[in-house]
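What follows is a set of notes on a single structure, which appears directly below.
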2 protein chains.
Amino acid sequence: MTRHGSPGMEVPTPMRENRGMQRNTRQRSAILEALSRQDDFRSAQQIHEQMRADGETVGLATVYRNLQALAQSDRLDVLVGDDGETRYRQCEATGHHHHLVCRECGRTVEFLAPELEAAMSRIAREQGYTDLDHTLEVFGLCTGCEAARAEATAR
Amino acid sequence: MTRHGSPGMEVPTPMRENRGMQRNTRQRSAILEALSRQDDFRSAQQIHEQMRADGETVGLATVYRNLQALAQSDRLDVLVGDDGETRYRQCEATGHHHHLVCRECGRTVEFLAPELEAAMSRIAREQGYTDLDHTLEVFGLCTGCEAARAEATAR
DNA sequence: AACGACATGACAATCATTCTCACGAGCAGT
DNA sequence: ACTGCTCGTGAGAATGATTGTCATGTCGTT
């Protein structure tokens with residue numbers, strides 16, 4: 001387990017999933033803990049603010065660094081809003097998946113759609129594109145917000 | 001056509017497609033002209049720079065304002081990159097469509113995919129979401145860049 | 001030609017994010 | 001537990017895209 005001796009020995013695979021995160025720190029634990037209590041996508045600043053409110057003492061730069069590192073190691077999902085602000089969320093699904101986000105309250109549902117993946121791949125390949133990747137997010141009004149809006153309109 | 005007199009009179013529909021653009025100016029024409037000569041998504045700053053290089057005298061703020069206004073009236077397509085920079089492009093397709101973008105050179109192909117739209121709508125409705133909207137962009141390497149990469153790797 | 005509203009341009013201001021660098025604290029080996 | 005080597009942290013400065021301000025220009029109409 002220890003990596004003593006053996007000159008030229010490379011750090012094995014486990015490191016791959018830990019880019020920029022060799023150590024466990026109080027701050028990182030706190031950030032993950034804060035995220036685990038949220039259901040929607042939050043910006044770094046929102047997360048930081050919430051942590052301060054909860055009595056945690058963490059620097060804003062640290063929050064940014066950790067969110068970024070966690071996202072790179074696929075432990076968080078990222079969503080870049082229309083306003084350019086980056087938001088993060090701890091997801092249930094482990095692999096590739098998409099989101100259905102309420103544009104009013106932020107409530108988020110994860111979904112898989114193999115048909116969509118296949119269709120996109122086909123279209124891209126027909127055009128000669130390779131090494132594919134994509135972004136797909138769906139926005140709408142969840143049942144609760146739809147009801148609230150209907151009521152507001154009715155009066 | 002003139003909106004004199006008639007107190008309480010509202011500006012009719014045509015205005016809807018012209019938000020923030022009542023007048024034609026040399027600057028706006030120049031911006032559209034510059035865009036028409038580009039095939040890929042460009043940032044406001046890139047466009048501004050190009051115009052200066054072409055001898056146009058336009059303020060950066062003006063470029064930002066016009067691109068924004070044009071995008072709002074659906075005369076331009078918008079793409080927010082991973083880095084948060086907003087890029088614009090003049091599209092062939094008039095209605096709703098998506099893009100296949102080369103992540104290396106920016107070459108862009110527009111495509112329609114009714115099957116995708118339908119599948120997304122179905123999934124969202126199953127979850128009780130209404131008033132839907134979505135973002136979908138596909139990235140990859142175009143034939144040219146793929147070839148270039150292959151050659152670079154080979155040597 | 002005159003006028004009034006909207007558009008422009010130079011520059012300041014804002015806002016999210018990243019950088020810098022001195023200091024603090026994991027973790028491996030003792 | 002002790003030490004040392006690093007990496008991680010924190011405070012504030014710096015960056016960079018975008019937006020606000022406001023005096024001045026000019027479009028489209030009278």
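Residue numbers start from 1 in every chain, and the chains themselves are labelled A, B, ... in the order their sequence lines are given, proteins ahead of strands.
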Worksheet entry | Whole-Å distance separating the CG atom of B:Asp83 from the P atom of D:dT15 | 19 Å
Worksheet item: Hey, is the side chain of A:Asn66 poking within less than 4.0 Å of OP1 or OP2 on D:dT9, counting only N and O atoms?
Response: yes
Practice prompt. Determine: side-chain N/O of B:Gln22 to OP1/OP2 of C:dA7, distance under 4.0 Å, yes or no.
Written response: yes
Fill in: B:Thr25 vs C:dT8: side-chain N/O to OP1/OP2 distance below 4.0 Å
yes
Worksheet item: Do A:His48 and A:Ile31 have side chains that get closer than 4.5 Å, going by heavy atoms?
Response: no
Worksheet item: So among B:Gln90, B:His99, B:Arg87, B:His98, which one has a side-chain hydrogen bond (donor to acceptor under 3.5 Å, both in side chains) with B:Asp77?
Response: B:His99
Worksheet entry | Atom-pair distance (CZ on B:Arg28; C1' on D:dT26), nearest Å | 13 Å
Discussion item. When you measure from the side-chain N and O atoms of B:Thr62 to the phosphate of C:dG9, is any distance below 4.0 Å, counting only OP1 and OP2?
Written reply: yes
Worksheet item: So, A:Glu117 and A:His134: side-chain donor and acceptor under 3.5 Å apart, yes or no?
Response: yes
Discussion item. Between the base of C:dA5 and the side chain of B:Arg23, is there a donor and acceptor pair under 3.5 angstrom?
Written reply: yes
Fill in: Donor on one side chain, acceptor on other, B:Gln45 and B:Tyr64, under 3.5 Å
yes
Item to complete: Grab the CG-P distance between B:Asn24 and C:dC6 for me, whole Å please.
Response: 15 Å
Worksheet item: Taking NZ, NE, NH1 and NH2 as the nitrogens, is one of them in B:Asp82 or B:Arg103 under 4.0 Å from a carboxylate oxygen of the other?
Response: no
Item to complete: May I ask you to verify whether the side chain of A:Arg65 and the base of D:dG10 hold a donor-acceptor pair under 3.5 Å?
Response: yes
Please produce a list of atom pairs where a protein N or O lies less than 3.5 Å from an N or O of nucleotides 15-18 of chain C.
| residue | atom | partner | partner atom | Å |
| --- | --- | --- | --- | --- |
| C:dA16 | OP2 | A:Gln45 | NE2 | 3.4 |
| C:dA16 | O5' | A:Gln45 | NE2 | 3.2 |
| C:dT17 | OP1 | A:Thr86 | N | 2.9 |
| C:dT17 | OP1 | A:Thr86 | OG1 | 3.1 |
| C:dT17 | OP2 | A:Tyr64 | OH | 2.7 |
| C:dT18 | OP1 | A:Gln68 | OE1 | 3.1 |
| C:dT18 | OP2 | A:Gln68 | OE1 | 3.3 |

Fill in: Flag for B:Glu137-A:Thr135: side-chain donor and acceptor within less than 3.5 Å
no
Item to complete: Answer whether the closest heavy-atom distance between the side chains of B:Val101 and B:Leu79 falls below 4.5 Å.
Response: yes
Fill in: Spacing of B:Ile31 atom CD1 relative to C:dA7 atom C1', expressed in whole Å
11 Å
Worksheet entry | Residue-phosphate contact under 4.0 Å: B:Gln27 side-chain N/O, C:dG9 OP1/OP2 | yes
